[in-house]
Amino acid sequence: MSSETAQVKKLADDLTQWLTEDALSAWHAGGIAPDTGECFEVIDLETKAGVPIDRRARVAPRQIYSFLEGARLGWNGPAEDIATRLWAWFSETYRMADGTFAAAVSIDNTLTDSRFDLYNQAFVLFALAQMADKIPASASTAETEAKSLLETLYKTYKHPDIGFREDVPDRIPLRANPHMHLLEACMAWEAVSKDPAWSNLTDELAELALTRLIDPVNGGLREFFDLHWAPLPGDEGRTIEPGHLFEWAWLLVRWGTSRRDADALVAARRLYDIAWTYGIDESRGAAFMAINDDFSVRDPIARLWGQTEWIKAAIALAGISAGPEREAYVADISLSVAALSAYFEDVPAGLYRDKWNVDGTFEDEPAPASSLYHIVCAISELNAFAKSL
């Protein structure tokens, strides 16, 4: 076994052990209400119990994925039961009259934010793909639910040019982030459904990234746009997030490889290069939150999720590279895993910090449930890469 292979396998084994022996059990015990099957937004680091605050719509779909994928990676808890109960509660509580899903509910399940958000719909589609893939008894119903939601998005929220609108009537800015997760959801559906609608939308969203979201001059990908997909005027339109550059790189490698699209692979390498060069703080060794379109630092807070996307992008690019380039990406896998692991220190087993300050301290706050999805996805990718060596 080469030293490269041994190192990657050790990283995969260590993180998988943390996930299957500590994290999923902690989030089952403290993050899921045993009587109702509902999930909590955050877990208190001292009590290891869920905190009774409003629950955002992204949380339940992400937890459905986390437990189901965690079971595939070796967790022996009741993942299918958790996911099934979560979906039953979520679909009953968050579903609006038009078939889309509201943004947040209180701890007593009263709607606190009924607004439409494409970001939340993307995660609903993603969760349904996981259920269709991993719970055979739910496959048919999950696909029906997903197609119904997709039809509503096309009917009511489709952008006349490409992608989707933010609301009806239109709301500015158009955002890259919801479309990124919609691409992820469509690719998940591509793997489990023969319906060409998923592949067609996958291709459209990749085209959106390559032709509108990515700056044709510097190769960076902005976050905010006007109603015609031009960069939003003013300071907000200058925002670039290194974590999202990594995440888009991961997705474009997957799409570009499947479609044999060289332009997508070139774009992915450039996104990674920008994020690596300008978006990683040398003192912390971690990807921070935001840079400007001239690549100057905009927000130096380092969020946990950014490290997971760095891991995924390094793995994806290592997988399509050779020689010294591959060696560099593999070395980055170790660096990015080290950055992520820093968030697991000095907290109860299976929990984590979320925000790493410039001075080296972490914000003293509960652990967010939404981050578990990022962690599980990174570990899943690392496992697959280790097995491919």
Side-chain angles (χ1 to χ4, degrees), residues 1-19 73 184 187 209-210 214 218-221 240-288 291 295 302-344 356 374-389:
M1 184 183 294
S2 69
S3 59
E4 171 197 296
T5 301
Q7 173 67 6
V8 171
K9 285 185 178 296
K10 185 179 187 310
L11 294 173
D13 289 345
D14 289 348
L15 280 179
T16 302
Q17 182 178 4
W18 174 87
L19 177 68
L73 293 169
E184 180 184 19
M187 292 175 75
L210 294 170
I214 293 176
N218 65 28
L221 189 146
I240 294 174
E241 295 188 8
H244 285 158
L245 298 187
F246 286 134
E247 199 164 0
W248 276 107
W250 169 65
L251 289 168
L252 288 174
V253 168
R254 292 173 58 195
W255 181 82
T257 301
S258 69
R259 302 308 198 263
R260 298 184 179 181
D261 191 302
D263 288 342
L265 303 183
V266 170
R269 285 185 165 93
R270 176 57 179 159
L271 293 174
Y272 188 97
D273 182 59
I274 294 170
W276 189 92
T277 303
Y278 302 102
I280 295 175
D281 178 64
E282 292 184 5
S283 64
R284 289 171 289 177
F288 54 82
I291 57 179
F295 305 151
R303 297 284 304 279
L304 179 150
W305 68 264
Q307 320 320 313
T308 68
E309 303 312 322
W310 183 13
I311 294 170
K312 289 156 58 179
I315 289 169
L317 286 164
I320 62 167
S321 303
E325 184 182 36
R326 175 187 167 87
E327 293 173 5
Y329 288 128
V330 171
D332 281 358
I333 295 172
S334 295
L335 294 175
S336 53
V337 169
L340 174 62
S341 298
Y343 292 80
F344 302 163
W356 194 352
H374 290 282
I375 298 170
V376 173
C377 191
I379 294 173
S380 178
E381 292 292 300
L382 187 57
N383 265 272
F385 184 64
K387 290 176 181 177
S388 75
L389 297 176

Participant: Apply side chain to side chain contact (heavy atoms under 4.5 Å, CB included) to the pair Q7 and V337, showing each step before the final yes or no.
Facilitator: CA-CA 11 Å; Q7 173 67 6; V337 169; over 6 Å; no
Participant: Nearest 0.5 Å please: distance from the CG atom of L221 over to the CD atom of E247.
Facilitator: 11.0 Å
Participant: Test side chain to side chain contact (heavy atoms under 4.5 Å, CB included) on L210 and L252 and set out the steps.
Facilitator: CA-CA 9 Å; L210 294 170; L252 288 174; 4.3 Å; yes
Participant: If I compare all heavy atoms of L340 with all of L304, which pair ends up nearest, and what's the gap?
Facilitator: CD1-CG, 3.9 Å
Participant: Heavy atoms only: give me the nearest A316-W250 pair and the separation to one decimal.
Facilitator: CB-CD1, 4.0 Å
Participant: Classify the angle between the aromatic ring planes of W356 and Y343 as parallel (below 30°), tilted (30 to 60°) or perpendicular (above 60°).
Facilitator: perpendicular
Participant: If you count every heavy atom of other residues, nucleotides or ligands that lies below 6.0 Å from Y278 atom OH, does the total exceed 12?
Facilitator: no
Participant: Is it the case that W310 and Y272 place a side-chain donor and acceptor less than 3.5 Å from each other?
Facilitator: yes
Participant: Check whether any side-chain heavy atom of L389 sits under 4.5 Å from a side-chain heavy atom of E4, and report yes or no.
Facilitator: yes
Participant: How long is the gap from CG on N383 to CG on L19, to the nearest 0.5 Å?
Facilitator: 9.0 Å
Participant: If you compare all heavy atoms of G279 against all heavy atoms of P242, which two are closest, and at what distance to 0.1 Å?
Facilitator: CA-CG, 3.6 Å
Participant: For the atom pair CH2 (W276) and CG (L245), what is the distance rounded to the nearest 0.5 Å?
Facilitator: 14.5 Å
Participant: How close do A249 and L271 get, heavy atom to heavy atom, and via which atoms?
Facilitator: N-CD1, 4.1 Å
Participant: Can you tell me if S380 uses its side chain to pair, donor with acceptor, with the backbone of C377 under 3.5 Å?
Facilitator: no
Participant: Donor-acceptor check, side chain of T16 to backbone of D13, threshold 3.5 angstrom: yes or no?
Facilitator: no
Participant: Quick one, F385 and K312 - any side-chain contact, counting heavy atoms below 4.5 Å?
Facilitator: no
Participant: About how many Å separate OG of S321 and CD of E327, when rounded to the nearest 0.5 Å?
Facilitator: 11.0 Å
Participant: Salt bridge or not between R270 and D273? Use side-chain N to carboxylate O under 4.0 Å.
Facilitator: yes
Participant: Taking the side chain as C-beta and beyond, is there a heavy-atom pair between I214 and W248 under 4.5 Å?
Facilitator: no
Participant: Would a 4.5 Å heavy-atom cut-off, applied to side chains only, mark L15 and F344 as touching?
Facilitator: yes
Participant: From L265 CG over to T257 OG1, what is the distance, rounded to the nearest 0.5 angstrom?
Facilitator: 5.0 Å
Participant: With side chain to side chain contact (heavy atoms under 4.5 Å, CB included) as the test, would you mind laying out the steps for T308 and F246 before giving the verdict?
Facilitator: CA-CA 9 Å; T308 68; F246 286 134; over 6 Å; no
Participant: Set out, in order, the CA-CA distance, both residues' side-chain angles and the distance that settles side-chain hydrogen bond (donor to acceptor under 3.5 Å, both in side chains) for E309 and H374, then state yes or no.
Facilitator: CA-CA 8 Å; E309 303 312 322; H374 290 282; 2.9 Å; yes
Participant: Please check if the side chain of T277 supplies one atom and the backbone of I274 the other of a donor-acceptor pair under 3.5 Å.
Facilitator: no
Participant: So how far is it from L317 CG to I333 CD1, rounded to the nearest 0.5 Å?
Facilitator: 10.0 Å
Participant: Kindly give the heavy-atom pair with the smallest separation between Q307 and A339, and that separation in Å.
Facilitator: OE1-CB, 3.7 Å
Participant: At their closest point, which heavy atom of G285 faces which heavy atom of I280, and how far apart are they?
Facilitator: C-CG2, 4.1 Å
